[in-house]
Amino acid sequence: MAPKTVSIDYQTTRVLPEPDIFIHCSQGTRIPAHAAVLASVSPVLENFIDRPRKHRSSEKIIQIHGVPCDAVIAFVGFLYSSRCTEEVMDKYGMHLLALSHVYLVPQLKQRCIKGLTQRLTTENVVDVLQLARLCDAPDLHLRCMKLLTYNFKAVEATEGWKFLVKHDPWLELDILRFIDEHETRKKKSRRYRMEQGLYGELSEAMECLEHICSEGCTHVGPYDAEVKRERRPCGRFSTCEGLQVLIRHFAMCEKRMGGGCVRCKRMWQLFRLHSYVCHQTDSSCKVPFCRQFQLKMQEEKRKDDAKWKLLARKVASAKVMSSLSLPKRKRDEEIRGTINNHGIRSFKLL
């Protein structure tokens, strides 16, 4: 049976000569084309065209099988016009990606990657993932893996996933490993954000402590300055109110000397942390016990000094990063949202 020749709209304004080559595709269909155009766009097709023929009078033919004829027509149309409609992408996007990869047409390949990325669903993601791996499309491969990770339960119920489990266990293993690594990264990121939030709270607490001890606030101030009772609640630091309550308790608690009060221990830890972050080496610092802690650090080398120094560095780093990343008012609002009504009571240093 003789091949059926189909007419094709080359979608170009150029005046073209008579076709001098034919592309044979599935179902005995052939597509007329021009060797010069095909060779200028695809180096693979150029090699086919330049290959010597057995008989010089024989017709130039390129065989493209394994994909629908309409997909080959769309492929040839792109070689002439560099255009691909959304309707064609809907129908033959996966076939066009395979053709663009095999015949080295990078412009069409990028168009297909973008189009398939926009059309990813739980139903087709397994098929697109397998194709992306075969066609060396890392961006598309990553997007598929992410969609699989976030919608794994839905994908697991599809026929594509069931087929993959039966016939490609290595890819299944890669997917499960990616999901596991994603969960691990997410947990680490969550833990890091929580730690940075704590360091940010401690950093503000250190500033607030200096503010209270040097300037005075609504209820607590330095011994040589009178606190104005008519002041409104301090708006400079979100931790001021809670820290002042803690200082007042520390000053009047009867259990403090015996070491049996948890709130006093927290206040004592804040005083100690301040001594590690304080840069004043003389007695000019007005925060209580600052100089005493510094002298004690010089005289005694405690086993836990390294932990306190590390904590002090992280608190200082959090202060710098916070000041660089956000305006102060916005930073204050974010920190205020993470601290409970009693502020300092939520801290546990060691």
Side-chain angles (χ1 to χ4, degrees), residues 41-45 64-68 70-72 74-79 81-197 321 324-326:
V41 179
S42 168
V44 176
L45 291 176
I64 300 181
H65 297 293
V67 295
D70 288 340
V72 180
F75 174 66
V76 174
F78 184 89
L79 299 182
S81 64
S82 298
R83 291 195 297 271
C84 182
T85 65
E86 294 298 323
E87 182 181 359
V88 169
M89 187 59 61
D90 288 336
K91 292 181 179 179
Y92 308 113
M94 295 181 65
H95 299 103
L96 290 175
L97 175 59
L99 290 170
S100 67
H101 175 71
V102 171
Y103 293 101
L104 300 180
V105 186
Q107 187 177 357
L108 176 59
K109 187 174 183 178
Q110 290 302 316
R111 173 72 178 86
C112 291
I113 289 172
K114 181 179 178 181
L116 290 173
T117 299
Q118 295 170 346
R119 291 165 173 79
L120 276 179
T121 65
T122 55
E123 291 294 330
N124 69 9
V125 65
V126 173
D127 295 331
V128 176
L129 175 64
Q130 292 174 306
L131 182 62
R133 187 175 61 161
L134 293 172
C135 294
D136 189 25
D139 292 343
L140 182 59
H141 184 277
L142 181 60
R143 292 297 295 269
C144 291
M145 290 294 244
K146 287 184 176 180
L147 190 147
L148 270 162
T149 299
Y150 293 121
N151 303 275
F152 184 68
K153 289 296 182 183
V155 174
E156 204 174 17
T158 63
E159 291 299 321
W161 177 260
K162 295 173 183 176
F163 181 86
L164 181 144
V165 171
K166 290 182 180 179
H167 298 89
D168 198 344
W170 290 109
L171 180 56
E172 178 192 6
L173 181 62
D174 286 342
I175 293 170
L176 295 178
R177 186 184 294 117
F178 181 89
I179 294 173
D180 182 64
E181 290 174 354
H182 173 79
E183 290 299 320
T184 302
R185 288 193 300 270
K186 191 161 67 172
K187 289 178 182 177
K188 287 183 178 178
S189 178
R190 190 185 302 118
R191 185 167 59 248
Y192 175 79
R193 288 196 300 270
M194 290 176 63
E195 290 175 355
Q196 291 304 308
M321 294 302 295
L324 290 176
S325 61
L326 292 172

Enquirer: Drop me the distance from Glu181's CD to Met145's CE, to the nearest 0.5 angstrom.
Expert: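 Here the rounded value is 9.0 Å.
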Enquirer: Indicate yes or no for a side-chain donor-acceptor contact from Ser189 to the backbone of Arg185 under 3.5 Å, with no hydrogens or angles considered.
Expert: no
Enquirer: Just so I know, are the side chains of Phe78 and Leu99 near enough to count as touching, which here means a heavy-atom distance under 4.5 Å?
Expert: no
Enquirer: Which is it for Val105 and Val41 under the side-chain contact (heavy atoms from CB on, under 4.5 Å) test, yes or no, and what are the steps along the way?
Expert: CA-CA 7 Å; Val105 186; Val41 179; 4.1 Å; yes
Enquirer: Taking only Lys NZ, Arg NE, NH1 and NH2, and the carboxylate oxygens of Asp or Glu, determine whether Arg111 and Glu86 approach each other closer than 4.0 Å.
Expert: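 Salt bridge between Arg111 and Glu86, a charged N being under 4.0 Å from a carboxylate O: yes.
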Enquirer: How close do Gly93 and Cys112 get, heavy atom to heavy atom, and via which atoms?
Expert: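 So the two residues come closest at O-SG, 4.0 Å.
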Enquirer: Any chance you could measure Ile179, atom CD1, to Asp174, atom CG, to the nearest 0.5 Å?
Expert: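 Spacing of CD1 (Ile179) from CG (Asp174) equals 11.0 Å.
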Enquirer: Could you tell me how the ring of Phe75 sits relative to the ring of Tyr103: parallel (under 30°), tilted (30 to 60°) or perpendicular (over 60°)?
Expert: tilted
Enquirer: Tell me whether Lys109 contacts the main-chain N or O of Cys135 through its side chain, where contact means a donor paired with an acceptor under 3.5 Å.
Expert: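 At least one qualifying donor-acceptor pair exists.
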Enquirer: Find out whether Val88 and Leu96 are in side-chain contact, i.e. whether some heavy atom of one side chain is under 4.5 Å from a heavy atom of the other.
Expert: yes
Enquirer: Is the backbone of Leu147 close enough, under 3.5 Å, to the side chain of Asn151 for a donor and an acceptor to pair up by distance?
Expert: yes
Enquirer: Which value, rounded to the nearest 0.5 Å, describes the distance between Asp168 atom CG and Ile175 atom CD1?
Expert: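 Rounded to the nearest 0.5 Å, the CG-CD1 separation comes out at 8.0 Å.
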Enquirer: State the OG1-CZ distance between Thr117 and Arg119, to the nearest 0.5 angstrom.
Expert: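 Answer rounded to 0.5 Å: 10.0 Å.
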Enquirer: To the nearest 0.5 angstrom, please state how far the NE2 atom of His101 sits from the CD1 atom of Ile113.
Expert: 10.0 Å
Enquirer: Under 3.5 Å, side chain of Asn124 to main-chain N/O of Leu116, donor-acceptor pair present?
Expert: no
Enquirer: List the steps, then state whether side-chain contact (heavy atoms from CB on, under 4.5 Å) holds for Asp127 with Met94.
Expert: CA-CA 9 Å; Asp127 295 331; Met94 295 181 65; 3.8 Å; yes
Enquirer: Test side-chain contact (heavy atoms from CB on, under 4.5 Å) on Tyr150 and Thr122 and set out the steps.
Expert: CA-CA 10 Å; Tyr150 293 121; Thr122 55; over 6 Å; no
Enquirer: Could you check Tyr92 against Val72 for side-chain contact (heavy atoms from CB on, under 4.5 Å), going step by step and ending with a plain yes or no?
Expert: CA-CA 9 Å; Tyr92 308 113; Val72 180; over 6 Å; no
Enquirer: Enter the distance from Gln130:CD to Phe163:CZ here, rounded to the nearest 0.5 Å.
Expert: 7.0 Å
Enquirer: Side chains of Phe178 and Leu142: closer than 4.5 Å at any heavy-atom pair?
Expert: yes
Enquirer: Taking Lys187 first and then Glu183, would you say they form a salt bridge - that is, a charged N and a carboxylate O separated by under 4.0 Å?
Expert: no
Enquirer: Taking side chain as C-beta onward, heavy atoms only, is Met89 less than 4.5 Å from Gln118?
Expert: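 No; the side chains remain at least 4.5 Å from each other.
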